[in-house]
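Labels below follow one simple rule: chain letters A, B, ... track the order of the sequence lines, proteins then strands, and each chain is numbered from 1. Below, all heavy atoms of this structure are taken into account, side chains as well, without hydrogens, waters or symmetry copies. Worth saying up front: this structure is predicted, and the values here are computed from it rather than measured.
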Amino acid sequence: MKRGLVVLDPTEIPADEWRGRVAAVQRELAASGIDVALVYGDVSRSDDIAYLTNLCVYWNEGVLAVPAQGDPVFLTKLSPRVHPWMRLVSTVAEIRSGRSFAELVGKFLGPGDGGTVGLIDAGLWPGAVVAEIHRALAGWEVRPLTGLVRTLRQVPSPTELTLLRRAAASLTETAAVAAAPGLSDGERIAVAERELRGDGYLDVMARTSRTADGVTSVQITGQYRYLWLHASRLADPGSTAWPHALRRAIATAVAATAPGVTTADLDAAAQPALAELPAGATADVRWVYHADMATNGEYADDPAGQPVPEGAVVIVEIDVRMADGTHATVAETVLAAGDGPVCLTGRPNLAAPGDPVR
Amino acid sequence: MTANHDGPRALDDTADAAEQNLRLGRVRAAMAAAGLDALLAFAPAWRRENVRYFTDARLSGTASFVLLTVDGPERGSAFSTRRADLDAIVGRGWVTDAHQLSVHAPSALTEGLLAAGPKRLGIAHYELLPGLLLSRLGKTLPGTEIVSATRLMDDIRLVKSDWEIARMRHAANVVDAGWKAFVDVLRPGLPEHGIVAAVEAAIKELGAEDNFMLIASGGDEVRGMTAPSPRVLQRGDMVRTELTPQLNGYWLQICRSAVVGRASDAQRRSFDLFNEAVEAGIAAVHPGVTAHEVARAQNDVFRARGLGEYCTSQYTRVRGHGHGLHIDETPIIEGNETELPENAVFIIHPNTYTPIAGYHVLGDPVRVTQDGAEVLITTERKLFEGAVR
């Protein structure tokens, strides 16, 4: 849960960049004839709002109103008592609390002559909230919009990449310790929590799973500021051969993560090594934008046939389901740079000798 | 992808089987009373309590569901956006028919609904269901009346079974260990997020699945708790927290404050006031007491000292809240006339700001017993002092 450090640090992301993000959305609104865009978030998925404001929706739900001109306003069901803290850790100056989003949006837009309100990522809004807003905004056109903020988040800026590299260094070191031989599941998870939250991660989700032959997958997902990283490592492989094959598979998939590749390309790269998995095992090879990790990509448009854009940071993952239903998972966070993939969470011993992973 | 067995799998544990039968009986009785042919429990990532109630499985999918019909003998069907959840569900054995779901192409779910063919469908957490799924359900079942079943499930989960109380007692052990870790790590120079890191590590090592935690440090200027900041502790600070581990699905909270070093007289006076309010709240508990009455008993302690304004929404939120598979069940607040029967579980916490020593946090989770309240944790209710030289 989002119980780690929340901080707004202008040395990390300068004020101009924050303003530029809102301006980019406003240009899209102006081009589409939208007067006000509304961005929905809840405690589990509010990265669009954080990207535009650094607001942390640490509980419940919130809506960010972005007018085509002017500053965003945050609408929340949380008490006004938290407004001072929200202003302290965000770029938002105006915050309004109320009992329902329909009431809040209605008051924010006022009785005027009407106009056009756009709901960003409209299909992912709670349908009941959308219906309430429609009822509350008589005289306004309410138009569904695509996930345009999510799209902006897919390719990190240079400042975001600096933060991702810093966070990745912490995750790489932590994952190595958490996957050390002989630890209990609880000890592995405790390592992840202690080290990553101590290094300023906002959220840490560490899990373990074990195959029948005793190989443990240590899966660590973390959010640093509003940016996501993920690494999954195999521990206690013993003398079994397949974990080494799976490590080779992820190394080759990572090495193939160049701009323009698709899931099919990554799968093809991993297949020679995956052929060495135990009989009956099935492997899913996939990539997910780091920007979609709040939902593990499950609410994103299916990227299976889409090419990885240049400069995107993505999670490359291979999930193996053994014949008995147990799982083994390996994953890395990768920058699809124009001059080749950079494994942000890579370890020196991840790739086999000669593999082109930096 | 689908995971299932040919028929209902024998549950390993007769207590588990009895618990599941109890739940299914309660839910189907409530469905019949509400005129529901089918119930769809929806779990977004932050509200999984109802799907957990049916599956007893720890899930991680962004969206998961359980579909139950009112008169079917079966245990229902489960759906999740995450493949690993299907094995978790079937492996637990409470639901043996599980399907992977795409929110953009939810045919597994719509086919299940078509087969059930309800005239009236209740959706638990209808209010949170993404519009793209809600519209698909409407198109799939054009003649079906779709209503919210959120309150129906909230009411069912209010009273805990002995099986659930046993799980919450286990959670209480981790709550106590979490607070000990909190006090042990306090020292001048430690940032707030360093405290959280130590506590999270301690409770996760003991098996906690998750934790809800707010924190504040400082003097009498502190007005409330938030997520942690980089502020570093200073000697004399009071550090406040509500710490809420989740074990085997069940959340349980402790509210305490600790001083870095020796407590001041004002901090002790503040503790005495809040402790009296907690005790008043506990003393008010009996089967059938309302949430309003428990809140009023706490607030009256402040009012009697001319501090009633600090019980208002300007300074605080609630005087406690229910616990269970959701962290924040019925609110303990004046005006909430919800009755709290025997085996309801909630925390009594009069947390608020006063000018005495700033925001103070103190509270214990209790179970309503036949003749009063049982405090579920063993941590002493006192003003703790950490890093004492």
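Relative orientation of the B:His326 and A:Trp59 rings is parallel, given thresholds of 30° and 60° on the angle between their planes.
With a threshold of 4.5 angstrom between heavy atoms, B:Leu129 approaches chain A through N, CA, C or O but not through any side-chain atom. For B:Thr81, the parts sitting under 4.5 Å from any heavy atom of chain A are the backbone and the side chain alike. Using a 4.5 Å cut-off between heavy atoms, A:Trp85 contacts chain B through its side chain alone, with no backbone atom that close. Proximity to chain B is absent for every atom of A:Ser97, based on heavy atoms less than 4.5 angstrom apart. Neither the backbone nor the side chain of A:Val130 comes within less than 4.5 Å of any heavy atom of chain B. Interface remark: B:Arg82 contributes backbone and side-chain atoms alike to the contact with chain A (heavy atom separation under 4.5 Å). Both the backbone and the side chain of A:Asp319 come within contact range of chain B, each with at least one heavy atom under 4.5 Å from a heavy atom of that chain. Using a 4.5 Å cut-off between heavy atoms, B:Ser60 contacts chain A through both its backbone and its side chain. Contacts between B:Gln314 and chain A at a heavy-atom distance below 4.5 Å involve the backbone alone (N, CA, C, O). Interface remark: A:Ser79 contributes side-chain atoms only to the contact with chain B (heavy atom separation under 4.5 Å). When heavy atoms are compared at a cutoff of 4.5 Å, B:Ile327 approaches chain A solely by way of its side chain, counted from C-beta outward. With a 4.5 Å cut-off on non-hydrogen atoms, A:Asp42 touches chain B through its side chain but not through its backbone. Heavy atoms closer than 4.5 Å to chain A are found in the side chain of B:Asp210, but not in its backbone.
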Side chain to side chain contact (heavy atoms under 4.5 Å, CB included) between B:Glu200 and A:Val204, worked out: CA-CA 10 Å; B:Glu200 291 275 351; A:Val204 177; over 6 Å; no

Show, in sequence, the C-alpha distance, side-chain angles and deciding distance for A:Glu193 and B:Ile203, and conclude whether the side chain to side chain contact (heavy atoms under 4.5 Å, CB included) test is met. CA-CA 10 Å; A:Glu193 293 283 356; B:Ile203 63 175; over 6 Å; no

One pair to check against side chain to side chain contact (heavy atoms under 4.5 Å, CB included): B:Thr226 and A:Tyr58. What are the steps and the verdict? CA-CA 9 Å; B:Thr226 65; A:Tyr58 70 95; over 6 Å; no

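Interface summary for chain B: among A:Asp284, A:Val191, A:Leu88, the most heavy-atom pairs under 4.5 angstrom belong to A:Asp284. Looking only at heavy-atom pairs under 4.5 Å with chain B, the residue among A:Lys2, A:Glu187, A:Arg45, A:Arg207 that has the most is A:Arg207. Per-residue counts of heavy-atom pairs under 4.5 Å with chain B were compared for A:Leu196, A:Leu124, A:Ile189, A:Thr326; the largest is that of A:Leu124. The greatest number of non-hydrogen atom pairs below 4.5 Å with chain A, out of B:Gly224, B:Pro230, B:Ala198, is found for B:Pro230. Residue with the most contacts toward chain A among B:Ala227, B:Gly131, B:Pro130: B:Pro130 (heavy-atom pairs, distance under 4.5 Å). For the set B:Asp328, B:Val196, B:Leu128, the entry with the most heavy-atom pairs within less than 4.5 Å of chain A is B:Leu128. Note: A:Gly127 leads A:Ala122, A:Gly127, A:Cys56 in heavy-atom pairs under 4.5 Å with chain B.
A:Trp125 contributes atom CH2, which lies 15.0 Å from atom CG of B:Leu134 (distance to the nearest 0.5 angstrom). Rounding to the nearest 0.5 Å places CZ of A:Arg194 at 7.0 Å from CD of B:Glu205. The line from CZ of B:Arg231 to CG of A:Leu5 is 14.0 Å long, rounded to the nearest 0.5 Å. From B:Lys204, atom NZ reaches atom CG of A:Asp185 across 14.0 Å, with rounding to the nearest 0.5 Å.
At least one donor-acceptor pair closer than 3.5 Å links the side chain of A:Glu298 to the backbone N or O of B:Thr62. Checking side-chain atoms of B:His104 against main-chain N and O of A:Ala300 turns up a donor-acceptor pair under 3.5 Å.
Heavy-atom minimum distance, B:Val103 versus A:Tyr299: CG1-CE1, 3.4 Å. Minimum interatomic distance between B:Thr316 and A:Arg81 (heavy atoms only, all atoms of both residues): N-CD, 3.3 Å.
Taking the ring axis of B:Phe212 as reference, the NZ or CZ atom of A:Arg3 stays within 45° of it and closer than 6.0 Å to the ring centre.
Residues A:Arg321 and B:Leu86 fail the side-chain proximity criterion, which asks for heavy atoms closer than 4.5 Å.
Within a 6.0 Å sphere centred on CZ of B:Arg151, heavy atoms belonging to other residues, nucleotides or ligands number 12 at most. For CD of A:Glu103, the number of neighbouring non-hydrogen atoms (other residues, nucleotides, ligands) closer than 6.0 Å is greater than 12.
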